[in-house]
Undergrad: 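Encoded as structure tokens, here's the structure I'll be asking about.
Please read these numbers as outputs of a predicted model, since none were measured by experiment. As a basis for the values below, the full set of heavy atoms in this structure was taken, side chains included, without hydrogen atoms, waters or symmetry mates.
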Amino acid sequence: MSVVANIYTSRRVAPLLVLGFSSGLPLALTGGTLQAWATVEGVSLQDIGFLTLVGTAYTLKFLWAPLVDRYAPPLLGRRRGWMAVTQVLLALGIAGMALLSPGAHLLPLALLAVAVAFLSATQDIAFDAYSTDVLHKEERGAGAAVKVLGYRVAMLVSGGLALILADSWLGWRATYVLMGGLMLLCVLGTLWGPEPEHPAPPPRSLGEAVTEPLQEFFSRRGALTVLLLIVLYKLGDAFAGALSTTFLLRGAGFTPTEVGTVNKVLGLASTIVGTLAGGALLARIGLYRSLMLFGLLQAVSNLGYWVVAVSPHHVYTMAAAVGFENLCGGMGTAAFVALLMALCRQEFSATQFALLSALSAVGRTYLAGPLTPVLVGKLDWPGFFLVTVLIALPGLVLLRMRRGDIEALDADAA
């Protein structure tokens, strides 16, 4: 237990909790919470639909990641400088949204939200690069877990809590001012975090910052299969989760209150416990064995939904399935983020992490989303969830084939 405690209280790991919170705070404020504000003020459904485009920056952030690799503000180092600048600008931008209202100033408010999303995505680029550069090999899993924990807490604060405060206590404008104040406090996390022990020099030119990350990565043995592994590793999990809420409501017949309570409370708690446990186990058993163990657990956990589909209607069965699936998914996420960190070189960690994380979303966005309704229509829910277990297997087979490369990542970082 003392070893685990030491990992999570490490000077390199602990600040990531605050920085993860800073990373997660703006997302809902430019997404679901902003849409709720617009709905309350009577904005048309069509205009609210256009607000979903505000978050495009999060998808395209790899396009300007080379700028973060190449250039740095003059204070606090190559990564923390970007983080501090974006955090201050985010605090001003979020608080500035309080000066406008969706009902009267929708276009300028939407443009300001786009700017906030751009700054937030830039902060994410720098934060991901910083955590990749600063963490020791044995701290990667714990660092990934703490990042996820901070991010999830921020989503609760800027999503659920912000709605409650705006509706019952402060109003929308004061709530956004408060959220801007919380963002400003996150600068303390940047100041608290140490510099990497052996910082790498930046690329010598912007052209090198664009081309060298790709050339370096594809010069590695088996680079294409590693990229395929990134797409496949959590694919079974993505398929099982794509319509899980629809399944619980429509397929299993649970009420929105039952599903909401279990998903929001038990699901979140299980994810947090899973990521923290996964980070601690990774420090003990290494990256490859963690990826394999957690990947197997992710696959098996999908059977919980199959049990719900074929069993009599009971909320405890549903809660057990959701809890176990989120627990295993959290463990897999901790190991997977640690893998992305290990694959990045310090010189280009901003660009490489942004590209790899964008690639990791391919399966969820372009495969699980469109294909899940088709599979459910052909197989019905019980058959579909059995198939999701099979969908998880190619990633595990590929992981076994690349065992030497994954173990080498641990050895190189030692």
Side-chain angles (χ1 to χ4, degrees), residues 27-28 31-36 38-40 44-46 48-53 55 152 155-156 159-160 163-164 167 232 234-272 274 297-330 332-333 361-393 395:
L27 183 61
T33 301
L34 179 59
Q35 292 170 30
T39 301
V40 168
S44 72
L45 191 61
Q46 182 178 6
I48 292 174
F50 280 119
L51 287 177
T52 60
L53 299 175
R152 291 297 186 111
M155 289 295 292
L156 281 178
L163 292 180
I164 294 170
D167 183 49
L232 295 179
K234 289 185 74 69
L235 191 59
D237 208 39
F239 268 88
L243 290 179
S244 59
T245 300
T246 301
F247 159 67
L248 294 174
L249 290 170
R250 187 179 299 173
F254 292 99
T255 68
T257 298
E258 291 170 335
V259 173
T261 301
V262 170
N263 272 339
K264 291 295 184 183
V265 179
L266 182 60
L268 176 63
S270 300
T271 300
I272 290 172
L297 287 173
Q298 281 182 159
V300 171
S301 71
N302 292 349
L303 293 175
Y305 289 120
W306 173 81
V307 172
V308 174
V310 300
S311 298
H313 179 96
H314 205 297
V315 70
Y316 292 114
T317 305
M318 184 262 285
V322 170
F324 185 54
E325 193 274 332
N326 280 274
L327 178 75
C328 297
T333 296
V362 166
R364 181 179 67 251
T365 304
Y366 299 108
L367 294 176
L371 294 180
T372 292
V374 177
L375 290 174
V376 171
K378 290 184 176 296
L379 303 172
D380 206 3
W381 292 109
F384 166 71
F385 286 117
L386 289 176
V387 167
T388 64
V389 179
L390 300 178
I391 291 172
L393 296 182

Undergrad: Which heavy atom of Thr33 sits nearest to which heavy atom of Gly159, and what is that distance?
TA: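 Closest approach of Thr33 to Gly159, heavy atoms only: OG1-CA, 3.6 Å.
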Undergrad: With rounding to the nearest 0.5 Å, note down the distance linking OG1 in Thr333 to CD in Gln298.
TA: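 Nearest 0.5 Å value for the OG1-CD distance: 6.5 Å.
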Undergrad: Could you grab the distance from atom CZ of Arg152 to atom CD1 of Ile272, nearest 0.5 Å is fine?
TA: 7.5 Å
Undergrad: Within a 6.0 Å radius of atom CH2 on Trp306, are there more than 12 heavy atoms belonging to other residues, nucleotides or ligands?
TA: no
Undergrad: To the nearest 0.5 Å, how far apart are SG in Cys328 and CG in Asp237?
TA: 9.0 Å
Undergrad: For Leu390, what residues pass the side-chain contact (heavy atoms from CB on, under 4.5 Å) criterion, not counting sequence neighbours?
TA: Leu393
Undergrad: Which value, rounded to the nearest 0.5 Å, describes the distance between Leu386 atom CG and Leu303 atom CG?
TA: 6.5 Å
Undergrad: Please list, one pair per line, the donor and acceptor atoms closer than 3.5 Å that link side chains of residues 370-380 to other protein atoms, with sequence neighbours excluded.
TA:
unit_1	atom_1	unit_2	atom_2	d
Thr372	OG1	Ala368	O	2.6

Undergrad: Just jot down the ring pair (Phe, Tyr, Trp, His ring centres under 6.0 Å) partners of Tyr305, sequence neighbours excluded, or say none.
TA: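 Once residues adjacent in sequence are excluded, the partners of Tyr305 under the ring pair (Phe, Tyr, Trp, His ring centres under 6.0 Å) criterion are Phe385.
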Undergrad: State, to 0.1 Å, how close Val310 and Pro382 come at their nearest heavy-atom pair, and which atoms those are.
TA: CG1-CB, 3.8 Å
Undergrad: Does the side chain of Val308 come within less than 4.5 Å of Phe254's, by heavy atoms?
TA: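 Heavy-atom side-chain distance check passes, below 4.5 Å.
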Undergrad: What I'd like to find out is whether the side chain of Glu258 reaches to under 4.5 Å of the side chain of Leu248, using heavy atoms alone.
TA: no
Undergrad: Quick check for you: to the nearest 0.5 Å, what is the distance between Leu327 atom CG and Leu297 atom CG?
TA: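 The CG atom of Leu297 is 8.0 Å from CG of Leu327, to the nearest 0.5 Å.
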Undergrad: How close do Ala240 and Asn302 get, counting heavy atoms only, and between which atoms?
TA: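 Closest heavy-atom pair between Ala240 and Asn302: CB-OD1, 3.4 Å.
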Undergrad: Residues in side-chain contact (heavy atoms from CB on, under 4.5 Å) with Leu156, at least two apart?
TA: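 If we apply the side-chain contact (heavy atoms from CB on, under 4.5 Å) test to Leu156, skipping adjacent residues, the hits are Leu268.
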Undergrad: Under the side-chain contact (heavy atoms from CB on, under 4.5 Å) test, which residues partner Thr39, sequence neighbours left out?
TA: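 side-chain contact (heavy atoms from CB on, under 4.5 Å) list for Thr39, sorted by chain: Ile48.
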Undergrad: Show me the side-chain donor-acceptor pairs of residues 313-325 shorter than 3.5 Å, one per line, residues at least two apart or across chains.
TA:
unit_1	atom_1	unit_2	atom_2	d
His313	ND1	Ala252	O	3.0
His314	ND1	Tyr316	N	3.2

